[in-house]
Amino acid sequence: MSLQADLGIEQVADLQAALQSHFDDEVLELSGAEVRRVHTAGLQLLHAFMRDRAARGRVTTITLPSPTLVEAARQLALAASLGVDPAPGDTA
């Protein structure tokens, strides 16, 4: 599933609906390549969604996170929990 370009607070309800339809998928890959705008609410929703899925044994990954997504996650100390913090030596 591709994350939308705008993860602003105005888009959180749409994001939640899109994510919820995949809540019970065993494995879910979220492409972050197109993310250009992020608000705290969008990251908090992603974090809670991934945490709740993990508690049920489901695997969720964010692939190809955009630099915008990585930087916003770092600023809120969510990069590691969202899995978007590149390994040392990698560039984001």
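Values below: all heavy atoms of this structure, side chains included; hydrogens, waters and symmetry mates excluded.
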Gln4 CD to Arg37 CZ distance, which is reported to the nearest 0.5 Å: 10.5 Å
Interatomic distance, Leu19 atom CG to Leu30 atom CG [nearest 0.5 angstrom]: 6.0 Å
Arg53 side-chain N/O to His22 backbone N/O, donor-acceptor pair under 3.5 Å: yes
Atom pair CG (Asp6) and CD (Glu34), whose distance is rounded to the nearest 0.5 Å: 13.0 Å
Smallest separation among heavy atoms of Ala33 and Ser66, with atom names: O-CB, 3.8 Å
Heavy-atom side-chain contact between Leu46 and Leu78 under 4.5 Å: no
Carboxylate-amine/guanidinium proximity below 4.0 Å for Asp25 and Arg58: no
Contact check, side chains of Leu82 and His47, non-hydrogen atoms, under 4.5 Å: yes
Where Val84 and Pro65 come nearest, the two heavy atoms and their spacing: CG1-CB, 3.8 Å
Side-chain heavy atoms of Thr61 within contact of Val27, under 4.5 Å: no
For Leu28 against Met1, the heavy-atom pair lying closest together: CD1-CB, 4.4 Å
Interatomic distance, Leu76 atom CG to His39 atom NE2 [nearest 0.5 angstrom]: 11.5 Å
Residue pair Ile62 / Met50: nearest heavy atoms and the distance that separates them: CD1-SD, 3.9 Å
Interatomic spacing from OG1 in Thr63 to CG in Leu3 - rounded to 0.5 Å: 8.5 Å
Closest approach of Val12 to Gly42 (non-hydrogen atoms, all atoms of both residues): CG2-N, 3.9 Å
CD1 on Ile9 to CD on Gln44, rounded to 0.5 Å: 8.5 Å
For Asp85 against Ala80, the heavy-atom pair lying closest together: CB-N, 4.3 Å
